[in-house]
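This report refers to the structure that appears directly beneath it.
No experiment lies behind these values; they were computed from the predicted model shown. So that the names make sense, note that chain A is the first sequence line, chain B the second, and so on, each numbered from 1.
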There are 2 protein chains.
Amino acid sequence: MSVDERRPTKVKRLPREVRERQILDAAVRVFSEHGYHNASMDEISDVAGVSKPMIYAYLGHKEDLFAACIRREASMLIEAIAAGVEAELPPDMQLWHGLRAFFRFVGAQKESWRVLHRQATSQGGPFSEELLAMRDRAIALVDALLVRSATSRGMDEAATKSTEALAAALVGASESLADWWLDHPEVPDKVVAGWLMNLVWMGFGDLVDGHVWTPATPTAG
Amino acid sequence: MSVDERRPTKVKRLPREVRERQILDAAVRVFSEHGYHNASMDEISDVAGVSKPMIYAYLGHKEDLFAACIRREASMLIEAIAAGVEAELPPDMQLWHGLRAFFRFVGAQKESWRVLHRQATSQGGPFSEELLAMRDRAIALVDALLVRSATSRGMDEAATKSTEALAAALVGASESLADWWLDHPEVPDKVVAGWLMNLVWMGFGDLVDGHVWTPATPTAG
DNA sequence: CCCTGTACCTACTCACGAGTAGGCTACGGG
DNA sequence: CCCGTAGCCTACTCGTGAGTAGGTACAGGG
C-alpha cells in the first residue's frame, strides 16, 4: 500500500454513541430517499461521514441497520402520539388530540414518516413484521377508542364487530392524508387534522349540511 | 457443448400474443409476492414457462415489464370501478357503487391489488409516477363527487376547499381497509363496503347513535 | 430438398453492491 | 519510549442477477 501518500490524518475521533447516532440519521435519510433496496451502504457511509466498516462494526448488516431505523423512528412517533393523548378525556377529544399529535409529528419529521410509511410497509422481510406490529398497535388503540365510545352510548353488538375494520380505515385515511399533506405543506397541521376529524366523526353527509365538529375547549386562532 | 443430450424438443410454439399474456401473468404474480427488487427475471421466466430472452424480446427490460404490469392491472381496476358507477345516480349512491366495485375487484384480484398498492407506490422510479397518476385520478373522481354533493346542498366555500384532502383520505381509507380485508377474507365484500360507506357518509358520531346509511334501493340479502 | 424467418433455448458476460481483511493512527498506562 | 487498544480507514472478494450472444428446432415457400 502506498505508505508515503499524504493523507489528511484529520479524522476526528468520536465516542461510539455519537457515531451510531450519525449513522442512524444518515440511514434514515438515505432509506427515505431511495428505499431499502436502492439505498447502498456506501451512500449511507458517505452521508454519515464515516467509512463502511464502521457501520458494520456498530450497527451490523443492512437488515439490522434498517430495523434499527424503523425501531427508533417508530418509537418516536408512538411517543409523540402518546404524549398528546390524555386518558381522562372523552373519546372524541382523545381522537382529536391523537390526530393532532400525529400530523404534528409528520410535519416535523417528514423523513421519518417516509421511511416508516413508504419503505417499511412495502418490504417483505422481518421489517414489515415489526412495522406492521406497530401499525396494528395503532389500529388496536383506535379500535379500543371506538369500542369504548360505542358501548358507552349503547351501540348494538353487530355494529361493534366492525370497529376493528373502521379503525384500520381510519389509520389508512390518516396515512393517506399525511401523504397528501406532504404535497400541500401550506396547510397548517391543525387544519388537516380538523378535516380528518370532521370526516370520521361527523361524516360527509353531516358536513354538507353544515354540521361540523369542534373541540370542546376553545382554541386560539 | 453436449450436443447429444436428449432435450425434450417439446416446446410448444405459440403466437406472440399468448406468450406476452403468460409473461405478464407470471410477472404480476412474482412482483406481487416478492416486490419489484426481490423479483428476479429468472423466476418470472420460470413461472411463465419461457426462457429469459423471450421476456426481453417481447416485453423489454425489467422496468418496462413492471410498467406493463402496472398499466394492465391499473386499467382493469379503473374499468371495474367505472363499470359499477352510473352518472345518473345521486352522489351517495355513486360512492356506494364505486366502493362496492372496488372491493369486488380487490377480492377477485388480490395479486393485482398487491402489485398496485404495495409495490408500485413504494418504488421511486417512473412506476410510482404512473401509478400515482392513476391514484390521483381516483382522488379527483371522488373529489368531484364530494364537490358536486357539497355545492348542490349549499356547503360554504371554505369547507369546499378541503374536499381534495378528504378525497385523499377516503381513497387511503379504502386502500387500508382493503389490506385489512386481505387478512379477514371471511367478511363479504358488500359488508366491508358498507362499513366504509357508513363511516365516511354518516361519521362515527352518528353511527354510535344508531344512525346508519342504507342504499335507497332495496338489496337482497 | 434447401432456404429463410421466427419461436425459442442454453450458457455466458459484466456491473454493482454487500460484506471483509488487514492495517494505520491517536491516546493512555507503564 | 513502548505497548495495548479502540476508532477509523483503504482496498479488496465474491455472490447475485440484469442483460446478451449465438445457437437450435420447426414452418412454409420455392
Side-chain angles (χ1 to χ4, degrees), chain A residues 1-24 26-27 30-31 33-69 123-127, chain B residues 1-24 26-27 30-31 33-69 123-127:
Chain A
M1 256 153 264
S2 54
V3 186
D4 70 335
E5 118 187 8
R6 203 116 45 96
R7 286 217 242 102
T9 315
K10 274 296 182 189
V11 265
K12 277 205 291 188
R13 299 185 146 218
L14 295 174
R16 176 171 181 146
E17 255 186 28
V18 179
R19 286 294 188 208
E20 282 187 357
R21 201 188 172 80
Q22 288 177 350
I23 293 170
L24 278 180
V30 175
F31 283 137
E33 193 172 351
H34 302 306
Y36 175 73
H37 269 283
N38 286 323
S40 74
M41 298 297 270
D42 286 282
E43 179 172 358
I44 293 173
S45 67
D46 258 25
V47 172
V50 300
S51 68
K52 212 166 32 153
M54 292 300 302
I55 301 182
Y56 284 89
Y58 286 168
L59 277 309
H61 293 197
K62 193 180 184 184
E63 284 196 0
D64 306 323
L65 176 62
F66 189 66
C69 291
Q123 306 301 332
F127 327 120
Chain B
M1 258 145 267
S2 56
V3 186
D4 71 336
E5 117 186 9
R6 202 115 45 97
R7 287 217 243 103
T9 314
K10 274 297 182 191
V11 267
K12 277 205 291 188
R13 302 189 143 215
L14 295 174
R16 176 172 182 145
E17 254 186 30
V18 179
R19 286 293 187 206
E20 282 187 358
R21 201 188 172 80
Q22 288 178 351
I23 293 171
L24 278 180
V30 176
F31 282 137
E33 194 172 350
H34 302 305
Y36 175 73
H37 270 283
N38 286 323
S40 74
M41 298 297 272
D42 287 282
E43 179 173 357
I44 293 173
S45 67
D46 258 25
V47 172
V50 299
S51 67
K52 213 164 33 152
M54 293 298 303
I55 301 181
Y56 283 89
Y58 286 168
L59 275 310
H61 292 198
K62 195 180 183 183
E63 285 196 359
D64 305 323
L65 177 61
F66 189 65
C69 291
Q123 305 302 333
F127 327 121

query: Roughly how many Å is it from CG in A/Asn38 to C1' in C/dA15, rounded to a whole number?
result: 15 Å
query: Under 4.0 Å between a side-chain N/O of B/His61 and OP1 or OP2 of D/dT20, yes or no?
result: yes
query: Please give, in whole Å, the distance from D/dA6 P to A/Met54 CE?
result: 13 Å
- request: Can you figure out which of D/dA18, D/dG7, C/dC9 approaches the side chain of B/Val50 most closely?
  value: C/dC9
message: Restricting to non-hydrogen atoms, name the atom on B/Glu20 and the atom on B/Tyr58 that form the minimum distance, rounded to 0.1 Å.
response: OE2-O, 3.8 Å
statement: If each end axis of the helix from C/dC1-D/dG30 to C/dG30-D/dC1 is fitted on five C1' pair positions, the angle between them, to 10 degrees, is 20°
Working for side-chain contact (heavy atoms from CB on, under 4.5 Å), residues B/Tyr36 and A/His37: CA-CA 10 Å; B/Tyr36 175 73; A/His37 269 283; over 6 Å; no
- request: Tell me what A/Pro15 touches on the nucleic acid: a base, only sugar-phosphate, or nothing, going by heavy atoms under 4.0 Å.
  value: nothing
Distance, rounded to the nearest Å, where B/Glu17 contributes CD and C/dT6 contributes P: 17 Å
- prompt: A/Asp64 CG to C/dG19 C1': how many Å, rounded?
  reply: 12 Å
- request: Give me the one residue out of A/Asp42, A/Leu65, A/Asp64 that meets side chain to side chain contact (heavy atoms under 4.5 Å, CB included) with A/Ile55.
  value: A/Leu65
message: Give me the atom names and distance for the closest heavy-atom approach of A/Ala68 to A/Leu59.
response: CB-CD1, 4.4 Å
message: Distance check needed: D/dG7 C1' versus A/Ile23 CD1, whole Å only.
response: 11 Å
- prompt: Would B/Lys62 count as a cation-pi partner of B/Phe31, with NZ or CZ less than 6.0 Å from the six-membered ring centre and within 45° of the ring normal?
  reply: no
message: Taking the nucleotide of DNA chain C with the nearest heavy atom to each, does B/Arg16 or B/Pro53 sit closer to the 5' end?
response: B/Arg16
query: Which atom pair, heavy atoms only, marks the closest approach of A/Met41 to A/Lys52?
result: CB-CD, 3.7 Å
- request: Round to a whole Å and report the spacing from CG of B/Asp42 to P of D/dT20.
  value: 14 Å
field: Heavy-atom check, side chain of B/Asp46 versus side chain of B/Val30, under 4.5 Å
entry: no
- prompt: Between A/Asp46 (CG) and D/dT10 (C1'), how many Å, whole number?
  reply: 14 Å
message: Classify B/Ser40 by what it touches in the nucleic acid, base, sugar-phosphate, or nothing, heavy-atom distance under 4.0 Å.
response: sugar-phosphate
- line: Quick note, B/Tyr56 side chain, CB onward, closest among C/dT6, D/dA18, D/dC9 is D/dA18
- request: State which of C/dA18, D/dT20, C/dC8 makes the closest approach to the side chain of B/Lys52.
  value: D/dT20
- prompt: Expressed in angstrom and rounded to an integer, what is the separation of A/Tyr58 atom OH from D/dC9 atom P?
  reply: 10 Å
message: Looking at C/dC8, I'd like to know if its phosphate oxygens (OP1 or OP2) sit under 4.0 Å from a side-chain N or O belonging to B/Arg19.
response: yes
query: When we call it a touch if two heavy atoms are under 4.0 Å apart, what does A/Met41 touch: a base, just sugar-phosphate, or nothing?
result: sugar-phosphate
task: Please round to the nearest 0.5 Å and tell me the distance separating atom CE of A/Met54 and atom CD of A/Gln22.
output: 9.5 Å
Residue A/Arg13, side-chain atoms from C-beta onward, closest of D/dA25, C/dG19, D/dG7: D/dG7
